[in-house]
Amino acid sequence: MPLHPDEVDNLQMGYLFEHLVMKFNEQANEEAGDHFTPREVIELMANLVYTGEPDVYKPGIYRTIYDPTCGTGGMLSVSEQHIRAGNDAANLALYGQEYNDESWAICCSDMLIKDEETDNIILGDTLGDGKTGDGFEGHQFHYMMANPPFGVDWKDQKKVVEKEHKTLGFNGRFGAGTPDIDDGSLLFLQHMISKMHLSPDDPDNPGDGSKIAVVFNGSPLFSGSAGGGPSSIRRWIIENDWLDAIIGLPDQLFYNTGIYTYIWMVTNRKPSERRGKVQLIDGTLFAERMDKSLNNKRHRITDQQIADLTRIYGNYRDGEQAEVVVNKKTGENETRTVSRIFKNHEFGFLRIVVERPLRMNFQTTPERIARLNGLDPDKHPVADMRAVVEAMDADRLYMDLAEFDADVVATAADLGVNLGKGVRKTLWLTIGDKDQKGKECIWVGSRPEPDAELRDTENVPLPDGTKLPLPMQFGPDPQNKLNGEVVKLMTPAIDAYMEAEVQPHVPDAWVDYKKTKVGYEIPFNRHFYVYKPPRELDEIEGEIETLEGEIAKLLEGLI
């Protein structure tokens, strides 16, 4: 096949190279979640990273670029090309780490060809597998780009990561917490954040600051419950005002997965207009269908669409709209909102535990007394408990715990048996039956006993005006388990929510404030959801009749 530039242009040659690397990756990658990044995705990431970065185009400027999962070095190469296209006099240093031997070798070869330092490309596991670890411990970088494995467990790194989290806290890389074991994406983002230069706004020691672009699947947006690892990591990033933007990408964009992906933009040098806010950009429809698919890759982002997404990011307008193709087969267009801007606190919520009172009835029938046989006689005075209830009126049905307990105490005194408060609680919990017609079971103080079966949770949005970061420790500090200051601050908002949303339906409900937790999630799709009304019944009926007619004609030829 002739490969002369007159026969094969640069774009076609680029796809040929990507196809070869893709086929190589299929054989070399040990994990299904290792995704070779299409060139147009890297171009988009580079455009986004260097938007609003005028310093990088100053002649002679020194800047470092780092990819902790560099693969064959595509992101480093495209970043370098992007900067040099606008500043040939820039002094750039490229750094990367890769755990796959073959990919690392290709990256080093690429560095050699471009006369770059191959010593800056480290072979080893970035998170740490006990044999290798962070190849740039103590280093900081100006720009970082990565497409880490997503949807891949980190069992091999678990021992090293958890030890660093527990012993070093924020003096290490994973102080904010650890994600679920089946997806280590957020570990890589924490690793990259640990390598940011000090912010220019640092009052003690201002630095250059850093900017990060990283590709994730949808899981890091919402996985984990309030107070859990993923939620705490999101909280740490957002409350420190590092999350700049998230750009949703089209599906079927990568070679070995068809899922939707998202670019997270993270920085500690936000310009003034972006501080305290996060921009969400819906780029899921910014793609065109390829004439011929490459494995799962059926869509590509065009140069014009890259420019459009970069412009939307740079414009920074809430509610900005764009004309997009909603049906790639028919070419149908629609005007959609593609940019939304939110205050940081709008992604936070309070997870409250709503309790309902325990209501029971009590009766000392032989059937109920037989339940005492299930108690351990070594732990409970079963014989004394049985003697007391057998001496009580088996025909009386108690609807009030206070009345039942008073008769238990009186009967025990008559029999000369001493039943302490703890024993009596075990007794009424064993003898009693749930009954919503019964009175609230009040045992200690004035608060009813909670009914675990009726317990529920509610997410209360953080109120507007919430001052971030909230007073709560992260990492190994035991204060992470109890958040009394947050409860005190948020009690008015919780009470208002209960009064408006819960108590009109269940008036006897209350909040166990001690169980309140702070959570963060980013419901990306909800903010760009467009309601599509169902088709008219007549239209559906007509389509069914047409199909029935077509089927009948086909059957005529068979009969």
Side-chain angles (χ1 to χ4, degrees), residues 35-56 63-71 73-83 85-86 92 94-97 126 140-150 185-197 208-218 220-221 233-234 237-238 240-250 253-254 260-271 274 278-284 286 301 305-314 316 339 522 524:
H35 303 288
F36 171 69
T37 314
R39 190 53 56 104
E40 74 265 23
V41 175
I42 303 176
E43 292 280 1
L44 174 59
M45 292 173 71
N47 277 24
L48 295 170
V49 163
Y50 302 117
T51 294
E53 295 289 310
D55 287 351
V56 81
R63 286 294 180 261
T64 53
I65 305 168
Y66 171 61
D67 182 350
T69 58
C70 64
M75 291 196 181
L76 297 175
S77 298
V78 171
S79 281
E80 182 184 36
Q81 293 168 8
H82 186 95
I83 294 174
L92 305 178
L94 309 181
Y95 296 83
Q97 184 161 348
T126 300
Q140 281 74 45
F141 305 97
H142 296 99
Y143 299 103
M144 290 172 265
M145 297 170 62
N147 175 22
F150 43 73
S185 299
L186 287 171
L187 293 175
F188 286 97
L189 181 52
Q190 287 190 86
H191 166 83
M192 296 167 80
I193 289 174
S194 74
K195 298 198 172 297
M196 291 196 301
H197 283 284
D208 292 332
S210 299
K211 196 170 183 181
I212 296 168
V214 59
V215 181
F216 286 150
N217 63 1
L221 294 170
I233 295 168
R234 287 190 293 270
I237 294 169
I238 294 172
N240 278 289
D241 200 20
W242 294 331
L243 184 59
D244 181 28
I246 295 178
I247 299 90
L249 300 181
L253 199 61
F254 285 74
Y260 286 97
T261 51
Y262 303 82
I263 297 175
W264 288 43
M265 305 299 298
V266 177
T267 182
N268 61 354
R269 57 164 179 255
K270 285 185 180 181
R274 301 181 83 105
V278 177
Q279 182 182 19
L280 301 184
I281 298 174
D282 182 11
T284 55
F286 283 72
I301 306 175
Q305 289 165 334
I306 291 173
D308 290 341
L309 288 170
T310 305
R311 175 181 47 78
I312 293 167
Y313 170 70
Y316 195 63
S339 175
I522 305 167
F524 188 95

query = For Pro149 and Thr69, which heavy atoms make the closest approach, and how far apart are they?
reply = CD-CG2, 4.2 Å
ask   = Should Asp208 and Gln140 count as side-chain neighbours, where that means a heavy-atom distance under 4.5 Å?
value = no
task = Kindly compute the distance separating CG (Leu92) from CD1 (Ile83), expressed to the nearest 0.5 Å.
result = 5.0 Å
query = Measuring from Tyr66:OH to Leu76:CG, what's the distance to the nearest 0.5 Å?
reply = 10.0 Å
side-chain contact (heavy atoms from CB on, under 4.5 Å) partner of Tyr313, chosen from Asp308, Ile263, Asn47, Asp244 = Asp244
Least distance between heavy atoms, Pro220 atom then Ser185 atom = CG-CB, 4.0 Å
ask   = Does Asp241 have any salt bridge (charged side-chain N to carboxylate O under 4.0 Å, His left out) partners at least two apart in sequence or in another chain, and if so, which?
value = Lys270
query = Taking atom CG of Asp55 and atom NE2 of His142, what is their separation to the nearest 0.5 Å?
reply = 9.5 Å
side-chain hydrogen bond (donor to acceptor under 3.5 Å, both in side chains) against Gln279, all qualifying residues, sequence neighbours excluded = Arg274, Ser339
ask   = Any side-chain heavy atom of Ile246 within less than 4.5 Å of one from Leu221?
value = yes
query = Rounded to the nearest 0.5 Å, how far apart are CH2 of Trp264 and CD1 of Ile247?
reply = 11.5 Å
query = Is a side-chain N or O of Thr267 found less than 3.5 angstrom from the main chain of Ser210, in a donor-acceptor match?
reply = yes
task = Determine, stepwise, if the pair Ile522 / Leu280 fulfils side chain to side chain contact (heavy atoms under 4.5 Å, CB included).
result = CA-CA 10 Å; Ile522 305 167; Leu280 301 184; 4.2 Å; yes
message = Between Glu53 and Arg269, is there a side-chain heavy-atom distance shorter than 4.5 Å?
response = yes
ask   = Taking Asn268 for the side chain and His197 for the main chain, is one N or O donor matched with an acceptor at less than 3.5 Å?
value = yes
key: Set of salt bridge (charged side-chain N to carboxylate O under 4.0 Å, His left out) partners for Glu80, sequence neighbours left out   = Arg84, Lys114
ask   = Stepwise, does the side chain to side chain contact (heavy atoms under 4.5 Å, CB included) test hold for Met45 with His82?
value = CA-CA 11 Å; Met45 292 173 71; His82 186 95; over 6 Å; no
request  = Give the intermediate values and the outcome of side chain to side chain contact (heavy atoms under 4.5 Å, CB included) for residues Leu189 and Ile233.
outcome  = CA-CA 9 Å; Leu189 181 52; Ile233 295 168; 5.9 Å; no
ask   = With sequence neighbours excluded, what pairs up with Arg63 under the salt bridge (charged side-chain N to carboxylate O under 4.0 Å, His left out) test?
value = none
inquiry  = Quick check: do Leu249 and Leu44 have side-chain heavy atoms less than 4.5 Å from each other?
reply    = yes
request  = To the nearest 0.5 angstrom, please state how far the CD atom of Gln190 sits from the CD1 atom of Ile237.
outcome  = 7.0 Å
task = Test side chain to side chain contact (heavy atoms under 4.5 Å, CB included) on Asn147 and Val41 and set out the steps.
result = CA-CA 10 Å; Asn147 175 22; Val41 175; over 6 Å; no
key: Closest non-hydrogen atom pair, Lys211 against Thr51   = NZ-O, 3.0 Å
key: Closest approach of Thr310 to Leu48 (non-hydrogen atoms, all atoms of both residues)   = CA-CD2, 4.2 Å
query = Can any side-chain N or O of Thr126 pair as donor or acceptor with the backbone N or O of Pro68 at less than 3.5 Å?
reply = yes
remark   = Tightest non-hydrogen contact, residues Tyr262 and Gly248, listed as CD2-CA, 3.5 Å
Closest approach of Ile312 to Phe286 (non-hydrogen atoms, all atoms of both residues) = CD1-CZ, 3.9 Å
key: From CD1 (Ile42) to CE (Met145), nearest 0.5 Å   = 7.0 Å
request  = Name all residues meeting the side-chain hydrogen bond (donor to acceptor under 3.5 Å, both in side chains) criterion together with Tyr50; count only those two or more places apart in sequence or in a different chain, and write none if there are none.
outcome  = Ser79
query = What residues form a ring-ring contact (aromatic ring centres under 6.0 Å, His included) with Tyr95, not counting sequence neighbours?
reply = Phe136, Phe141
